[in-house]
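Taking it in order: structure first as structure tokens, then the write-up.
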Amino acid sequence: MKRKNLTVWFLPLGICALLATCKTPIPHSTPTPESCIQHLIALDDSLGHIRNHACETISLAQTIRNYTDGINKHDFRSCPPDFTRAFTRHLQAWIDMIPFVEKHNDLRGEMHVLFEQLEKGPDAATFIPLLRNVWDTWAEVEAAMK
């Protein structure tokens with residue numbers, strides 16, 4: 001019987017001790033503008049690789065949505081304003097492409113291969129400026145990193 005009583009006593013004490021350690025704030029440093037940029041570029045690199053191949057199995061429109069949604073989950077507050085503006089413009093260029101690519105939801109393949117097809121297709125006059133805007137805004141992102 002005594003053993004059971006001890007368990008009743010020590011179990012709540014152990015839980016309280018565990019909770020007390022869990023409530024202790026874990027110190028973390030405030031992100032610097034440089035670390036914010038580095039994190040976002042690394043995230044873009046990772047999501048960009050996924051984006052380039054996701055359209056092999058899902059629509060190009062959904063691929064772009066997944067990419068932009070993933071980037072938009074990032075906290076830009078520590079990034080320099082010029083970089084944030086440039087990256088926001090870049091994401092908007094991708095989003096602006098969605099209505100066009102939705103008309104081609106049956107296309108599957110690596111993204112750059114699909115873009116080459118669209119550049120040579122009957123809607124090229126509409127697609128080429130959209131694609132150019134993606135690359136131009138990426139150049140703005142790169143310029144804002146310096």
Side-chain angles (χ1 to χ4, degrees), residues 7-146:
T7 304
V8 171
W9 243 145
F10 286 113
L11 184 60
L13 288 175
I15 291 172
C16 287
L18 182 62
L19 290 174
T21 60
C22 291
K23 288 183 179 180
T24 304
I26 299 171
H28 58 81
S29 61
T30 303
T32 64
E34 294 79 20
S35 68
C36 183
I37 290 173
Q38 289 171 355
H39 175 75
L40 192 54
I41 295 301
L43 180 63
D44 177 79
D45 184 56
S46 176
L47 292 176
H49 179 75
I50 293 167
R51 177 203 60 216
N52 293 348
H53 295 282
C55 45
E56 294 170 0
T57 57
I58 63 174
S59 73
L60 193 49
Q62 189 58 51
T63 296
I64 293 169
R65 279 188 203 94
N66 292 350
Y67 164 75
T68 57
D69 289 349
I71 295 290
N72 278 322
K73 289 179 184 172
H74 178 76
D75 181 2
F76 284 83
R77 286 181 292 186
S78 297
C79 290
D82 289 347
F83 180 82
T84 300
R85 276 190 295 279
F87 216 103
T88 301
R89 285 178 37 78
H90 181 62
L91 289 176
Q92 188 59 51
W94 278 107
I95 292 166
D96 291 346
M97 191 183 282
I98 292 173
F100 174 84
V101 298
E102 281 179 330
K103 297 174 185 172
H104 303 276
N105 270 340
D106 57 326
L107 290 178
R108 294 292 181 271
E110 196 275 339
M111 186 189 73
H112 297 95
V113 172
L114 297 181
F115 284 178
E116 287 176 17
Q117 290 175 13
L118 293 168
E119 284 178 297
K120 295 174 185 171
D123 297 328
T126 304
F127 179 70
I128 290 171
L130 293 167
L131 183 59
R132 187 177 313 117
N133 194 34
V134 167
W135 302 141
D136 289 350
T137 56
W138 183 251
E140 292 174 21
V141 170
E142 289 179 330
M145 289 170 43
K146 297 175 182 174

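Model, not experiment: these values are computed from the prediction.
- Classification of the W138-F87 ring pair by plane angle, with boundaries at 30° and 60°, yields perpendicular.
- In this structure, the side chain of H90 engages the main chain of V134 through a donor-acceptor pair within 3.5 Å.
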Query - Residues F76, L40; criterion side chain to side chain contact (heavy atoms under 4.5 Å, CB included); working and verdict - result: CA-CA 8 Å; F76 284 83; L40 192 54; 3.2 Å; yes
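- In this structure, L47 and G70 approach most closely via the heavy-atom pair CD1-C, 3.6 Å.
- L60 is not listed as a side-chain neighbour of L107, based on a closest heavy-atom distance of 4.5 Å or more.
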Query raised in the report: Yes or no on side chain to side chain contact (heavy atoms under 4.5 Å, CB included) for S78 and H39, after CA distance, side-chain angles and deciding distance?
Result: CA-CA 11 Å; S78 297; H39 175 75; over 6 Å; no
Report task. Check step by step if side chain to side chain contact (heavy atoms under 4.5 Å, CB included) holds for V101 and L114. Result -> CA-CA 10 Å; V101 298; L114 297 181; over 6 Å; no
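- Put simply, the side chain of S46 never gets that close to the backbone of A42: no donor and acceptor are under 3.5 Å apart.
- Rounding to the nearest 0.5 angstrom, the gap separating the CD atom in E116 from the CE atom in M111 is 10.5 Å.
- In this structure, N105 contributes its side chain and E102 its backbone to a donor-acceptor pair below 3.5 Å.
- Taking both residues in full, the closest heavy atoms of E119 and A124 are given as O-CB, 3.0 Å, listed atom of the first, atom of the second, then distance.
- For H112, the NE2 atom sits in a packed shell: over 12 heavy atoms of surrounding residues, nucleotides or ligands are nearer than 6.0 Å.
- Residue Q62 holds its CD atom at 10.5 Å from OG1 of T57, rounded to the nearest 0.5 Å.
- Looking at D123 and H104, their side chains do bring a donor and an acceptor atom within 3.5 Å of each other.
- Atom CZ of residue R89 and atom OG1 of residue T84 lie 13.5 Å apart, to the nearest 0.5 angstrom.
- In this structure, CG on L131 lies 13.0 Å from CG on D96, to the nearest 0.5 angstrom.
- Residue D75 comes nearest to R77 through the heavy atom pair OD2-NH2, 2.7 Å, listed as atom of the first residue, atom of the second, then distance.
- Contact check for I41 versus Q38: no side-chain heavy atoms found under the 4.5 Å cut-off.
- Note that OG1 of T88 and CD1 of I71 are 11.0 Å apart. Values are rounded to the nearest 0.5 Å.
- We find the CD-CZ distance between E142 and F83 to be 10.0 Å, quoted to the nearest 0.5 Å.
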